[in-house]
Amino acid sequence: MKGRWIYAAAASLLGNLTSFFHPAIAIIFSLLAIFLLKRNILTKKNMTILILIYLGLIIRSELAEEYNRTSLTGNEGDFEITLSDSVKIDGDLLTVLIELTEKKEKVAARYKIKSKTEQKILSDHLRIGMTCRVNGTLQTPPTSTNPNSFSYKDYLNHNSIFWILELEQLNLSDCTYNKSRITLPILKIREMGTNHILDHFPEQTAPLAIALVFGDRNFIEEDTIAAYQKIGIIHLLAISGLHVGMLAGMFFLAGIRAGITREKMTSILILVLPVYAILTGAAPSVMRAVFMMLLVLLANKLKAPIQLADVISIVFAGYLFISPFIIYNAGFQLSFAVALSLILSAPAILKKFTHPLAGILSVSFICQIAAIPILLWHFYEISIISIIANLIFVPLYTSIVLPVVLILFIFDLLSGGRADFLLSVFEKMIVFLNWIAEMLSAIPNSTLILGRPSPIMLIIYLLLIPAFFAGWERSKNKKAIIKNGVLPVLAIVIHFFVNVFTPAGEITFIDVGQGDSILIKLPYGRGNYLIDAGGALMFEAEEWKMRSDPYETGKDTVVPFLKSKGISKIDKFFLTHGDMDHIWRSISCSEGNEGKVCCVSTGS
């Protein structure tokens, strides 16, 4: 199978999809198998292996779904829990992932903090690995009630979590440390490192440093996340293959400089990389990069050269076999799709560009094109200025921000927190970069809202985008490249016209909880009308209770629903009356020549 593992990856994907989505996908596998045999791409022996992989993934996925069940009835009230993740406190709300000691089942726990004093005590002393005796009520996670909306229940279920535990009390006197977990020391190092950065790094640098060093973006402000996502550079705030490669390279060179042989350093790296994956939260992008590097190092150690396309294919198939539900994870999909596109493009496309600027542009363009179907499926829009934003930010992050963050973190640790001056200088740079991101994201029409593609539309994307890359690879001149460039544009145009000029009208009563919001979408793109926009009652609260990103009906429910339908503009907005459950706080009204004029902030 040397040089052919990409077909094994395709077989594993089709096996997984056959089990989870539709048995008819078996037809696609059969057609693929016949094509590969007829074209003599694979031998009969290789095809037998491919069929076994396909059937193996079907069986593995079926078993995963069968055994992905809860052992709880929901009537339990007294629990012994172990904190399996760092505690997150946002205002008066504490959330943490726990494991029930007796049942060995993961549960998402929530606790409403009673006072500012209790908030500080829990923040200072409640740590990962603690085992506590608690009382609480088990609740089923909320499911999605609007089409295309994010289902928190499905998200938790795919991670083998079936309950939310609403804690009645959380007393430190009822907690002790549990040292039985093998990974606990690594997770505690992660927690201590995060707390060190929060205590010693400046306000803007600290959240970024935690994201780049430990893979946790929860500390970054929502506005910053939204700005980076809107201009297509959110990948810079996640640990990726670049981060893993840079860290591994620095570690390897440091060992060589210290007099350790290359063979020993390779062995040390093989042992250290899995620890690093746990230390950074084991996100799909980290796991992909770590295991790809492990496979390359093992191949070099055994003097068995291996192609990168085979490496990523083996890691993909293995990852899917170990964790079948990971297929639903957007980070997993983006990481492998983008990485595979770059690997396959490197020999025939990227090597054509000798100028560094052209190289960065081409890499950014390839990543953006490869990610289009996934971005549209999960986020309903794509950034138009992504290539420009990547051209600005990628060189800065790869050559300055990431190395400096790592060096400052290590220096601050070794010097006992004496990197204040250097951190204050670096803070100014981070503030400036965040400001640029926010300015770029504020450019009107910087994103193209197309909505979630239908299954047929998704197939069109998955056919035309690879066809574009294949044509680009064969192109001999600029004219041929431009000609092939029509293919992804054609897919986007088809998607746009299918959405806008559909002959079917639509009336949707959007579930906004206690409130009202109705979308009327006329046939053939004749107009989009919204009657009311939902809302929530706002109460004054003490400052310590305020949350960093409180739920807003418009921002969190109505706008994502409109985007999922490909709606970027409301033609008429009717407000039946001014009650808070019919109008969210981002709407401002004034008297105009024809009556009351309302301006709506949709976040797009």
Side-chain angles (χ1 to χ4, degrees), residues 144-150 226 229-231 372 375-385 441-454 456-457 489 491-536 551-604:
S144 58
T145 53
N146 292 311
N148 302 329
S149 63
F150 172 74
Q229 184 169 320
K230 192 171 182 181
I231 61 176
I372 283 176
L375 292 174
L376 289 176
W377 182 263
H378 292 283
F379 308 110
Y380 324 124
E381 60 185 341
I382 52 176
S383 173
I384 297 174
I385 60 172
S441 68
I443 297 174
N445 302 315
S446 60
T447 58
L448 185 61
I449 299 172
L450 295 172
R452 173 168 285 181
S454 65
I456 294 175
M457 193 64 237
V489 175
I492 291 171
V493 170
I494 293 171
H495 190 177
F496 174 78
F497 279 104
V498 166
N499 243 344
V500 173
F501 296 108
T502 174
E506 178 181 335
I507 299 177
T508 304
F509 288 78
I510 306 171
D511 187 353
V512 291
Q514 176 58 43
D516 190 27
S517 184
I518 304 168
L519 170 69
I520 301 174
K521 189 177 181 182
L522 299 181
Y524 300 106
R526 291 173 182 166
N528 299 307
Y529 304 156
L530 190 66
I531 303 174
D532 292 327
Y551 170 80
E552 291 183 30
T553 306
K555 175 174 68 71
D556 297 313
T557 299
V558 178
V559 169
F561 174 77
L562 295 177
K563 286 184 176 181
S564 76
K565 293 291 183 178
I567 297 172
S568 58
K569 183 183 71 171
I570 295 295
D571 297 292
K572 292 186 185 296
F573 193 6
F574 301 94
L575 301 177
T576 57
H577 55 287
D579 288 357
M580 289 299 293
D581 60 347
H582 287 251
I583 174 173
W584 81 79
R585 61 178 179 170
S586 296
I587 298 178
S588 59
C589 300
S590 60
E591 292 296 332
N593 294 330
E594 299 179 359
K596 187 168 283 188
V597 178
C598 295
C599 299
V600 186
S601 174
T602 64
S604 64

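It should be emphasised that the depicted structure is a prediction, and the values quoted were computed from it without experimental measurement.
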For this session: To the nearest 0.5 Å, tell me how far Leu519 CG sits from Ile507 CD1.
Result: 9.0 Å

Exercise. Distance from Ile510 atom CD1 to Thr145 atom OG1, nearest 0.5 Å?
Worked result: 10.5 Å

Exercise. Say you draw a straight line from CD1 of Ile443 to CD1 of Ile231; how long is it, rounded to the nearest 0.5 Å?
Worked result: 8.5 Å

Exercise. Are there more than 12 heavy atoms of other residues, nucleotides or ligands under 6.0 Å from atom CZ of Phe574?
Worked result: yes

For this session: Please list, chain by chain and in numerical order, all residues satisfying side chain to side chain donor-acceptor pair (under 3.5 Å) with Asp571, sequence neighbours excluded.
Result: none

For this session: Apply side-chain contact (heavy atoms from CB on, under 4.5 Å) to Ile494 and list each qualifying residue two or more places apart in sequence or on a separate chain.
Result: Met457, Ile460, Leu490, Val498

For this session: Report yes if the side chains of Leu562 and Tyr380 come closer than 4.5 Å at any heavy-atom pair, otherwise no.
Result: no

Exercise. About how many Å separate CG of Asp511 and OG1 of Thr508, when rounded to the nearest 0.5 Å?
Worked result: 12.0 Å

Return all side-chain donor-acceptor pairs below 3.5 angstrom for residues 522-530, not counting sequence neighbours, or 'none' if the list is empty.
none

For this session: Please collect all side-chain hydrogen bond (donor to acceptor under 3.5 Å, both in side chains) contacts where either partner lies in residues 492-505, sequence neighbours excluded, each pair once.
Result: Tyr461-His495

For this session: Quick one: list whatever passes ring pair (Phe, Tyr, Trp, His ring centres under 6.0 Å) with Phe496, sequence neighbours left out.
Result: none

For this session: Give the minimum heavy-atom separation between Ala533 and Ser517, together with the two atoms involved.
Result: CA-OG, 3.7 Å

For this session: Side-chain contact test, heavy atoms from C-beta onward, threshold under 4.5 Å: evaluate it for Val512 versus Asp532 and give yes or no.
Result: no

Problem set entry | Those residues that, when tested against Lys565, pass salt bridge (Lys or Arg N to Asp or Glu O under 4.0 Å) (two or more places apart) | Glu506

For this session: Return the minimal non-hydrogen interatomic distance between Pro560 and Lys555, and the atom names on each side.
Result: CD-O, 3.3 Å

For this session: Applying ring pair (Phe, Tyr, Trp, His ring centres under 6.0 Å), name anything that partners Phe497, two or more places apart in sequence or on another chain.
Result: Phe501

Exercise. Who passes side-chain contact (heavy atoms from CB on, under 4.5 Å) against Ser144, sequence neighbours left out?
Worked result: Ser149, Ser151

For this session: Tell me, please, which residues at least two apart from Ser383 pass side chain to side chain donor-acceptor pair (under 3.5 Å).
Result: none

Seminar exercise, completed: In this structure, CG of Leu450 is separated from CZ of Arg452 (nearest 0.5 Å) by 13.5 Å

For this session: With rounding to the nearest 0.5 Å, note down the distance linking CD1 in Ile382 to CD1 in Ile372.
Result: 4.5 Å

For this session: Decide side chain to side chain contact (heavy atoms under 4.5 Å, CB included) for Phe561 and Ile567; before the verdict, give the C-alpha distance in whole Å, the side-chain angles of both, and the deciding distance to 0.1 Å.
Result: CA-CA 9 Å; Phe561 174 77; Ile567 297 172; over 6 Å; no

Problem set entry | Results of side chain to side chain donor-acceptor pair (under 3.5 Å) for Ser564 - residues two or more places apart only | Asn148

